[in-house]
Amino acid sequence: MPTTDAQVEQVRALVASIPAGRVATYGDIAAAVGLSTARTVGWIMRTDAADLPWHRVIGAGGKPAAHLAGRQLGLLAEEGVPIRDGRVDLRAARFPFLAAR
C-alpha cells in the first residue's frame, strides 16, 4: 500500500515534536502513525526531513547509521542525550509518543 500524504505529514509532525534531549526510533514513529514498517519512516526522513530535527530519530538498537554517526551523536550529545559506546541509551532518552497523547 502506498504511503499517503497524510502519513508523511504525521511522520513529520511526530519528528518535529521530539523535544531536545530525547529521541525516538524509526519503529516508534511507524507504530504511532500506523505504518507497517519502520523502513517507510526512514524513506520519509531521507526524502523530506531537512527542516526537521532528524538527529533525534535513531535505529532500534540506539546506534546511528555509520555515515551519520559522528554528526548525529555529536548533535545529540550537545542536547544532553546519554550516549554509551557509540549508542544512545534508549531507556533514558526515548520519547514516549503514545504515552504523550
S.K.: Under a 3.5 Å distance rule, please check whether Arg84 uses its side chain to pair with a backbone N or O of Asp89 as donor and acceptor.
M.R.: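 Looks like no, no N/O pair under 3.5 Å.
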S.K.: Please determine whether residues Trp43 and Leu68 belong to a single hydrophobic cluster, defined as Ile, Leu, Val, Met, Phe, Trp and Tyr linked transitively by side-chain heavy-atom distances below 4.5 Å.
M.R.: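 Cluster IDs for Trp43 and Leu68 match.
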S.K.: According to a hydrophobic-cluster definition based on side-chain heavy atoms being under 4.5 Å apart (Ile, Leu, Val, Met, Phe, Trp, Tyr only), do Leu75 and Met45 belong together?
M.R.: yes
S.K.: If we check side chain to side chain contact (heavy atoms under 4.5 Å, CB included) with Val23, which of these qualifies: Asp28, Val57, Ile18, Ile58?
M.R.: Ile58
S.K.: Supply the atom-to-atom distance Leu73 CG to Ile83 CD1, rounded to the nearest 0.5 angstrom.
M.R.: 4.5 Å
S.K.: Would the distance check show the side chain of Arg22 and the main-chain N or O of Ala93 forming a donor-acceptor pair, the cut-off being under 3.5 Å?
M.R.: yes
S.K.: Using every non-hydrogen atom in the two residues, find where Ala65 and Gln72 come nearest and quote the distance to one decimal.
M.R.: N-OE1, 4.4 Å
S.K.: Do other residues, nucleotides or ligands put more than 12 heavy atoms under 6.0 Å from the CG atom of Asp51?
M.R.: yes
S.K.: Just verifying a value: how many Å separate Glu9 CD and Asp48 CG, rounded to the nearest 0.5 Å?
M.R.: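 Rounded to the nearest 0.5 Å, the CD-CG separation comes to 7.0 Å.
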S.K.: Do Leu76 and Trp54 sit in the same hydrophobic cluster, where Ile, Leu, Val, Met, Phe, Trp and Tyr count as joined when their side-chain heavy atoms come under 4.5 Å apart?
M.R.: no
S.K.: Using side chain to side chain contact (heavy atoms under 4.5 Å, CB included) as the criterion, point out the one residue from Ile44, Val11, Val15 that pairs with Leu52.
M.R.: Val15
S.K.: Ignoring hydrogens, what is the shortest heavy-atom contact between Pro64 and Gly86? Give both atom names and the distance.
M.R.: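 It is CD-O, 3.8 Å.
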S.K.: Within the 4.5 Å heavy-atom criterion, are Leu14 and Gln10 side-chain neighbours or not?
M.R.: no
